[in-house]
Amino acid sequence: MQVTKTVKETRDIVKEWKREGLTVGLVPTMGFLHEGHASLIKRAREENDRVAVSVFVNPTQFGPNEDLEAYPRDFERDSALCEGIGADLIFHPEPEDMYDNPCAYVSIEKLSDNLCGKTRPVHFRGVCTVVSKLFNIVTPDRAYFGQKDAQQLAIIKKMVKDLNFDIEIIGCPIVREEDGLAKSSRNTYLNAEERKAALCLSRSVAKGQEIIKNGMKAEKLLGEMTEVINAEPLAKIDYVSVVDALTMEPVEKIDRPVLVAMAVYIGKTRLIDNFSWEPAEQ
Ligand code: PAF
(Lines give C-alpha, C1' and ligand atoms only; values in the text may rest on other atoms or scores of the structure.)
Protein backbone atom coordinates (compact mmCIF):
# COMPACT_ATOMS: atom_id res chain seq x y z
CA MET A 1 0.00 0.00 0.00
CA GLN A 2 1.29 3.44 -0.93
CA VAL A 3 0.68 6.62 1.08
CA THR A 4 0.67 9.96 -0.73
CA LYS A 5 0.53 13.48 0.66
CA THR A 6 0.44 15.56 -2.52
CA VAL A 7 -1.98 15.88 -5.40
CA LYS A 8 0.83 15.27 -7.92
CA GLU A 9 2.05 11.98 -6.38
CA THR A 10 -1.55 10.75 -6.23
CA ARG A 11 -2.26 11.69 -9.85
CA ASP A 12 0.95 9.99 -11.04
CA ILE A 13 0.00 6.71 -9.36
CA VAL A 14 -3.58 6.76 -10.64
CA LYS A 15 -2.42 7.68 -14.18
CA GLU A 16 -0.19 4.60 -14.18
CA TRP A 17 -3.13 2.41 -13.06
CA LYS A 18 -5.29 3.86 -15.81
CA ARG A 19 -2.54 3.28 -18.41
CA GLU A 20 -2.69 -0.39 -17.41
CA GLY A 21 -6.48 -0.36 -17.96
CA LEU A 22 -7.29 -0.91 -14.26
CA THR A 23 -10.51 0.28 -12.59
CA VAL A 24 -10.31 2.48 -9.49
CA GLY A 25 -12.61 2.69 -6.46
CA LEU A 26 -12.39 5.67 -4.08
CA VAL A 27 -13.47 5.72 -0.44
CA PRO A 28 -13.44 9.34 0.80
CA THR A 29 -13.07 9.55 4.61
CA MET A 30 -12.07 11.95 7.37
CA GLY A 31 -10.09 9.18 9.07
CA PHE A 32 -10.44 7.65 12.56
CA LEU A 33 -11.79 4.69 10.65
CA HIS A 34 -14.28 2.21 12.10
CA GLU A 35 -16.17 -0.83 10.81
CA GLY A 36 -18.50 1.44 8.81
CA HIS A 37 -15.54 2.70 6.78
CA ALA A 38 -14.10 -0.84 6.64
CA SER A 39 -17.33 -2.04 4.98
CA LEU A 40 -16.95 0.65 2.28
CA ILE A 41 -13.31 -0.27 1.66
CA LYS A 42 -14.17 -4.00 1.49
CA ARG A 43 -16.95 -3.32 -1.03
CA ALA A 44 -14.59 -1.15 -3.09
CA ARG A 45 -12.01 -3.97 -2.93
CA GLU A 46 -14.55 -6.44 -4.35
CA GLU A 47 -15.64 -4.20 -7.22
CA ASN A 48 -12.42 -2.54 -8.44
CA ASP A 49 -8.87 -3.45 -9.51
CA ARG A 50 -7.40 -0.71 -7.33
CA VAL A 51 -8.73 0.96 -4.16
CA ALA A 52 -7.80 4.45 -2.98
CA VAL A 53 -8.86 5.78 0.44
CA SER A 54 -8.62 9.48 1.22
CA VAL A 55 -8.01 10.47 4.84
CA PHE A 56 -8.56 14.20 5.21
CA VAL A 57 -10.37 16.16 7.93
CA ASN A 58 -11.87 18.71 5.60
CA PRO A 59 -11.92 22.17 7.24
CA THR A 60 -14.44 23.70 4.81
CA GLN A 61 -17.28 21.44 5.96
CA PHE A 62 -17.04 22.55 9.61
CA GLY A 63 -18.84 25.65 10.85
CA PRO A 64 -17.02 28.17 13.11
CA ASN A 65 -18.31 26.62 16.37
CA GLU A 66 -18.01 22.99 15.34
CA ASP A 67 -15.50 20.28 16.25
CA LEU A 68 -12.77 20.70 13.58
CA GLU A 69 -9.94 20.86 16.14
CA ALA A 70 -11.35 18.14 18.37
CA TYR A 71 -12.23 15.74 15.52
CA PRO A 72 -10.42 12.47 16.38
CA ARG A 73 -7.33 11.61 14.35
CA ASP A 74 -5.10 8.49 14.36
CA PHE A 75 -3.38 8.06 11.02
CA GLU A 76 -1.24 5.06 12.07
CA ARG A 77 -4.31 3.08 13.07
CA ASP A 78 -6.16 4.15 9.89
CA SER A 79 -3.23 3.14 7.77
CA ALA A 80 -3.01 -0.32 9.39
CA LEU A 81 -6.75 -0.87 8.90
CA CYS A 82 -6.58 0.11 5.20
CA GLU A 83 -3.56 -2.13 4.63
CA GLY A 84 -5.31 -5.03 6.40
CA ILE A 85 -8.29 -4.79 4.05
CA GLY A 86 -6.08 -4.51 0.98
CA ALA A 87 -6.38 -0.84 -0.01
CA ASP A 88 -3.72 0.13 -2.57
CA LEU A 89 -3.36 3.81 -1.76
CA ILE A 90 -4.09 6.28 1.01
CA PHE A 91 -4.20 9.94 -0.01
CA HIS A 92 -3.51 11.92 3.17
CA PRO A 93 -3.00 15.58 2.25
CA GLU A 94 -2.42 18.58 4.51
CA PRO A 95 -5.08 21.33 4.41
CA GLU A 96 -2.54 23.66 2.69
CA ASP A 97 -2.19 21.16 -0.18
CA MET A 98 -5.93 21.05 -0.70
CA TYR A 99 -6.79 24.72 -0.21
CA ASP A 100 -4.68 27.68 -1.38
CA ASN A 101 -6.86 30.76 -0.75
CA PRO A 102 -9.73 29.21 -2.69
CA CYS A 103 -12.29 31.29 -4.58
CA ALA A 104 -14.13 28.39 -6.23
CA TYR A 105 -16.59 26.19 -4.32
CA VAL A 106 -19.27 23.68 -5.28
CA SER A 107 -22.60 24.31 -3.64
CA ILE A 108 -25.88 22.51 -4.02
CA GLU A 109 -29.26 24.19 -3.85
CA LYS A 110 -32.53 22.89 -2.36
CA LEU A 111 -31.24 19.47 -1.24
CA SER A 112 -29.17 21.17 1.44
CA ASP A 113 -32.00 23.37 2.77
CA ASN A 114 -33.37 20.84 5.27
CA LEU A 115 -32.13 18.29 7.82
CA CYS A 116 -28.41 18.80 8.59
CA GLY A 117 -28.17 21.67 6.09
CA LYS A 118 -30.50 23.76 8.22
CA THR A 119 -28.33 23.79 11.34
CA ARG A 120 -24.99 23.37 9.50
CA PRO A 121 -25.26 26.05 6.78
CA VAL A 122 -21.74 25.71 5.29
CA HIS A 123 -21.48 21.95 5.70
CA PHE A 124 -22.66 20.64 2.33
CA ARG A 125 -20.83 23.30 0.34
CA GLY A 126 -17.65 22.06 2.04
CA VAL A 127 -18.53 18.41 1.40
CA CYS A 128 -19.38 18.99 -2.29
CA THR A 129 -16.22 21.04 -2.79
CA VAL A 130 -13.84 18.52 -1.24
CA VAL A 131 -15.56 15.52 -2.86
CA SER A 132 -15.35 17.24 -6.29
CA LYS A 133 -11.67 17.91 -5.69
CA LEU A 134 -11.07 14.27 -4.68
CA PHE A 135 -12.96 13.12 -7.78
CA ASN A 136 -10.75 15.34 -9.97
CA ILE A 137 -7.55 14.17 -8.26
CA VAL A 138 -8.28 10.42 -8.09
CA THR A 139 -10.62 10.14 -11.14
CA PRO A 140 -12.26 6.98 -9.75
CA ASP A 141 -14.70 4.75 -11.65
CA ARG A 142 -16.72 4.26 -8.46
CA ALA A 143 -16.93 6.10 -5.13
CA TYR A 144 -18.35 4.68 -1.90
CA PHE A 145 -20.33 6.50 0.81
CA GLY A 146 -22.25 5.31 3.88
CA GLN A 147 -26.03 5.58 4.18
CA LYS A 148 -25.61 6.88 7.72
CA ASP A 149 -24.93 10.25 6.09
CA ALA A 150 -28.05 9.83 3.95
CA GLN A 151 -28.46 13.50 3.05
CA GLN A 152 -24.77 13.65 2.05
CA LEU A 153 -25.26 10.58 -0.15
CA ALA A 154 -28.36 12.07 -1.86
CA ILE A 155 -26.51 15.37 -2.40
CA ILE A 156 -23.43 13.71 -3.87
CA LYS A 157 -25.56 11.61 -6.24
CA LYS A 158 -27.33 14.76 -7.44
CA MET A 159 -24.06 16.69 -7.75
CA VAL A 160 -22.54 13.89 -9.85
CA LYS A 161 -25.61 13.92 -12.12
CA ASP A 162 -25.82 17.71 -12.42
CA LEU A 163 -22.09 18.21 -13.03
CA ASN A 164 -21.65 15.11 -15.27
CA PHE A 165 -18.96 13.40 -13.24
CA ASP A 166 -18.40 10.02 -14.94
CA ILE A 167 -18.38 8.20 -11.58
CA GLU A 168 -20.76 5.62 -10.14
CA ILE A 169 -21.82 6.52 -6.59
CA ILE A 170 -22.41 3.54 -4.35
CA GLY A 171 -24.28 3.84 -1.05
CA CYS A 172 -23.52 1.20 1.58
CA PRO A 173 -25.68 0.16 4.57
CA ILE A 174 -25.30 1.66 8.06
CA VAL A 175 -23.05 -0.46 10.29
CA ARG A 176 -24.19 -0.64 13.92
CA GLU A 177 -22.68 -1.65 17.26
CA GLU A 178 -24.19 -4.81 18.75
CA ASP A 179 -26.60 -2.73 20.84
CA GLY A 180 -27.79 -0.76 17.80
CA LEU A 181 -25.81 2.50 17.97
CA ALA A 182 -24.76 3.55 14.46
CA LYS A 183 -20.95 3.49 14.15
CA SER A 184 -19.47 6.97 14.00
CA SER A 185 -16.06 8.51 14.65
CA ARG A 186 -17.89 10.97 16.93
CA ASN A 187 -19.04 8.13 19.25
CA THR A 188 -15.61 8.46 20.89
CA TYR A 189 -16.75 11.80 22.39
CA LEU A 190 -19.36 10.01 24.55
CA ASN A 191 -18.71 9.16 28.22
CA ALA A 192 -20.20 5.95 29.65
CA GLU A 193 -23.48 7.57 30.67
CA GLU A 194 -23.86 9.34 27.31
CA ARG A 195 -23.00 6.15 25.44
CA LYS A 196 -26.03 4.47 27.07
CA ALA A 197 -28.22 7.52 26.42
CA ALA A 198 -27.18 7.53 22.73
CA LEU A 199 -29.18 4.35 22.22
CA CYS A 200 -32.32 6.48 22.10
CA LEU A 201 -31.49 7.24 18.44
CA SER A 202 -31.47 3.61 17.28
CA ARG A 203 -34.48 2.87 19.51
CA SER A 204 -36.34 5.71 17.80
CA VAL A 205 -35.30 4.38 14.37
CA ALA A 206 -36.54 0.90 15.34
CA LYS A 207 -39.86 2.38 16.51
CA GLY A 208 -40.23 4.24 13.22
CA GLN A 209 -39.46 1.12 11.17
CA GLU A 210 -42.03 -0.81 13.19
CA ILE A 211 -44.94 1.61 12.72
CA ILE A 212 -44.36 3.24 9.32
CA LYS A 213 -46.94 2.38 6.69
CA ASN A 214 -48.25 3.66 3.40
CA GLY A 215 -50.62 6.61 3.72
CA MET A 216 -49.58 7.42 7.30
CA LYS A 217 -49.31 11.08 8.33
CA ALA A 218 -45.68 12.12 8.84
CA GLU A 219 -46.74 13.96 12.00
CA LYS A 220 -47.97 10.72 13.59
CA LEU A 221 -44.75 8.85 12.76
CA LEU A 222 -42.55 11.69 14.01
CA GLY A 223 -44.62 12.09 17.18
CA GLU A 224 -43.98 8.48 18.20
CA MET A 225 -40.31 8.58 17.25
CA THR A 226 -39.78 11.86 19.09
CA GLU A 227 -41.40 10.44 22.23
CA VAL A 228 -38.73 7.71 22.37
CA ILE A 229 -35.95 10.31 22.24
CA ASN A 230 -37.58 12.69 24.69
CA ALA A 231 -37.78 9.89 27.26
CA GLU A 232 -33.98 10.14 27.49
CA PRO A 233 -32.99 13.08 29.76
CA LEU A 234 -29.53 13.57 28.18
CA ALA A 235 -30.95 13.87 24.65
CA LYS A 236 -31.81 17.14 22.93
CA ILE A 237 -33.37 16.91 19.47
CA ASP A 238 -31.90 18.97 16.64
CA TYR A 239 -34.39 17.51 14.16
CA VAL A 240 -36.45 14.40 13.45
CA SER A 241 -37.90 14.65 9.94
CA VAL A 242 -39.46 12.73 7.09
CA VAL A 243 -38.35 13.94 3.66
CA ASP A 244 -38.78 12.84 0.06
CA ALA A 245 -35.87 10.46 -0.64
CA LEU A 246 -34.80 12.36 -3.77
CA THR A 247 -35.58 16.03 -3.13
CA MET A 248 -34.98 16.04 0.65
CA GLU A 249 -38.13 18.15 1.04
CA PRO A 250 -40.43 17.44 4.00
CA VAL A 251 -43.49 15.30 3.24
CA GLU A 252 -46.82 15.43 5.09
CA LYS A 253 -48.05 12.00 4.02
CA ILE A 254 -45.97 8.87 3.62
CA ASP A 255 -46.86 7.76 0.11
CA ARG A 256 -43.52 7.62 -1.75
CA PRO A 257 -39.88 6.68 -1.05
CA VAL A 258 -38.83 8.66 2.02
CA LEU A 259 -35.86 9.23 4.26
CA VAL A 260 -36.65 9.38 7.98
CA ALA A 261 -33.70 11.14 9.56
CA MET A 262 -32.67 12.60 12.89
CA ALA A 263 -29.89 14.57 14.55
CA VAL A 264 -29.81 14.51 18.35
CA TYR A 265 -27.40 16.05 20.84
CA ILE A 266 -26.30 13.70 23.59
CA GLY A 267 -24.59 16.12 25.92
CA LYS A 268 -22.39 18.15 23.54
CA THR A 269 -22.12 15.41 20.92
CA ARG A 270 -24.37 15.66 17.88
CA LEU A 271 -25.26 12.21 16.51
CA ILE A 272 -27.28 11.26 13.43
CA ASP A 273 -29.25 8.20 12.40
CA ASN A 274 -31.88 7.37 9.79
CA PHE A 275 -33.76 4.79 7.81
CA SER A 276 -35.13 4.74 4.27
CA TRP A 277 -38.57 3.42 3.40
CA GLU A 278 -40.54 2.93 0.21
CA PRO A 279 -44.07 1.66 -0.48
CA ALA A 280 -44.24 -2.00 -1.46
CA GLU A 281 -44.82 -2.46 -5.20
CA GLN A 282 -48.54 -3.01 -5.97
O1 PAF B 1 -18.50 11.51 5.23
C2 PAF B 1 -17.38 12.01 5.46
O3 PAF B 1 -16.54 11.45 6.17
C4 PAF B 1 -17.02 13.34 4.79
O5 PAF B 1 -18.12 14.19 4.76
C6 PAF B 1 -16.39 13.18 3.41
C7 PAF B 1 -17.35 12.57 2.40
C8 PAF B 1 -15.15 12.30 3.50
C9 PAF B 1 -15.97 14.55 2.86
O10 PAF B 1 -15.03 15.16 3.69
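Not measured: the values here are computed from a predicted model. Residues take their numbers from the sequence shown, with the count starting at 1. Whatever order the structure lists them in is the order used to number ligands and atoms, beginning at 1.
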Participant: How long is the gap from CE on Met262 to CD1 on Ile229, to the nearest 0.5 Å?
Facilitator: 4.5 Å
Participant: Gln152 heavy atoms, cut-off 4.0 Å: which ligand 1 atoms fall inside?
Facilitator: 1 (O), 2 (C), 4 (C), 5 (O), 7 (C)
Participant: List ligand 1 atoms under 4.0 Å from Val130, heavy atoms only on the residue side.
Facilitator: 9 (C), 10 (O)
Participant: Would you say the ring centroid of His92 lies under 6.0 angstrom from that of Phe75?
Facilitator: yes
Participant: Backbone N or O of Val264 within a donor-acceptor pair of the Asp238 side chain at under 3.5 Å?
Facilitator: no
Participant: Under 4.0 Å from any heavy atom of Gln61, which atoms of ligand 1 are there?
Facilitator: 4 (C), 5 (O), 9 (C), 10 (O)
Participant: Which atoms of ligand 1 have any heavy atom of Pro28 under 4.0 Å away?
Facilitator: 8 (C)
Participant: Quick one: sort the Phe145 and Phe135 rings into parallel, tilted or perpendicular, breaks at 30° and 60°.
Facilitator: perpendicular
Participant: Nearest protein heavy-atom contact for atom 3 (O) of ligand 1: which residue, which atom, what distance?
Facilitator: Met30 CG, 3.6 Å
Participant: What about Thr29: any of its N or O atoms under 3.5 Å from an N or O on ligand 1?
Facilitator: no
Participant: Just checking Lys268: does its NZ atom have more than 12 heavy atoms from other residues, nucleotides or ligands closer to it than 6.0 angstrom?
Facilitator: no
Participant: Against the six-membered ring of Phe56, is Lys133 placed for a cation-pi contact (under 6.0 Å from the centre, within 45° of the normal)?
Facilitator: no
Participant: Could you tell me whether some N/O pair between Asn58 and ligand 1 is separated by less than 3.5 angstrom?
Facilitator: no
